[in-house]
Amino acid sequence: MSILQEQAVQMIRSLSDDNVSFLIEIISRLMPSKSYTIESQSVNEEAVKAFRRLDTARAEIAQYLSKNFDPDKELEEARAEKYGDIG
């Protein structure tokens, strides 16, 4: 063990349990573990799958809309109907 590591161990031994818990939390944030990275990758893969399902559903729904469907115009009309002339 290097001198620096020995100094760190001595300092940690002098801390209370609460402070050690806090230190572990800080270290965890600075050095994400492999399990966190794997979990993060898994979440990213799930997000990509969800996006692909959404994109597929969007394409399927589009077949039921008229060719001249304008979502911006529809939104504007719906807002005008619901809120009228505010302001």
Side-chain angles (χ1 to χ4, degrees):
M1 190 179 313
S2 73
I3 296 173
L4 191 57
Q5 289 172 333
E6 288 177 15
Q7 287 176 341
V9 169
Q10 288 174 356
M11 291 173 72
I12 292 169
R13 285 185 180 149
S14 69
L15 294 174
S16 69
D17 285 346
D18 288 338
N19 287 338
V20 171
S21 295
F22 180 70
L23 180 61
I24 290 171
E25 184 178 331
I26 291 172
I27 292 171
S28 296
R29 290 180 184 183
L30 294 174
M31 299 174 53
S33 65
K34 290 183 180 181
S35 64
Y36 174 77
T37 305
I38 291 169
E39 181 180 315
S40 177
Q41 289 173 349
S42 175
V43 169
N44 287 341
E45 289 173 9
E46 289 298 317
V48 169
K49 287 178 186 178
F51 176 78
R52 288 185 179 144
R53 286 193 309 268
L54 181 63
D55 196 43
T56 301
R58 184 186 58 80
E60 290 174 5
I61 291 169
Q63 70 182 345
Y64 298 106
L65 301 173
S66 65
K67 298 293 182 194
N68 60 354
F69 178 74
D70 183 1
D72 294 327
K73 181 181 174 188
E74 291 289 328
L75 178 60
E76 183 179 326
E77 290 173 0
R79 284 180 177 160
E81 182 180 322
K82 183 169 184 169
Y83 301 110
D85 187 20
I86 297 177

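Sequence positions, counted from 1, serve as the residue numbers for this chain. What you see is a predicted model, and the numbers here were worked out from it, not measured in a lab.
In the hydrophobic cluster analysis, where Ile, Leu, Val, Met, Phe, Trp and Tyr join through side-chain heavy atoms closer than 4.5 angstrom, Ile12 is grouped together with Phe22. Transitive grouping of hydrophobic side chains (ILVMFWY, heavy atoms separated by less than 4.5 Å) keeps Ile27 and Met11 in distinct clusters. Hydrophobic clustering (ILVMFWY, side-chain heavy atoms < 4.5 Å, transitive): Leu30 and Val20 are in one cluster.
The pair Arg58-Asp55 meets the salt-bridge criterion, with a side-chain N (NZ, NE, NH1 or NH2) lying under 4.0 Å from an Asp/Glu carboxylate O. We find that Arg29 and Glu25 are joined by a salt bridge, their nearest charged nitrogen and carboxylate oxygen being less than 4.0 Å apart.
In this structure, Glu81 places its CD atom where only 12 or fewer heavy-atom neighbours from other residues, nucleotides or ligands lie under 6.0 Å away. Counting heavy-atom neighbours within 6.0 Å of Ile26 CD1, excluding the residue itself, gives a total above 12. Annotation: Phe69, atom CZ; neighbour count of heavy atoms from other residues, nucleotides and ligands within 6.0 Å is above 12.
One finds the CG atom of Asp70 at 10.0 Å from the CG atom of Leu75 (value rounded to the nearest 0.5 Å). One distance of note links CD of Glu74 with CD of Glu77; it measures 5.5 Å at 0.5 Å rounding. Taken from CD1 in Ile61 to OG1 in Thr56, the straight-line distance is 11.0 Å, to the nearest 0.5 Å.
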inquiry  = Is there a side-chain hydrogen bond (donor to acceptor under 3.5 Å, both in side chains) between Asn68 and Ser66? Walk through the geometry before answering.
reply    = CA-CA 5 Å; Asn68 60 354; Ser66 65; 2.9 Å; yes
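Closest heavy-atom contact between Met1 and Glu6: O-OE2, 3.4 Å.
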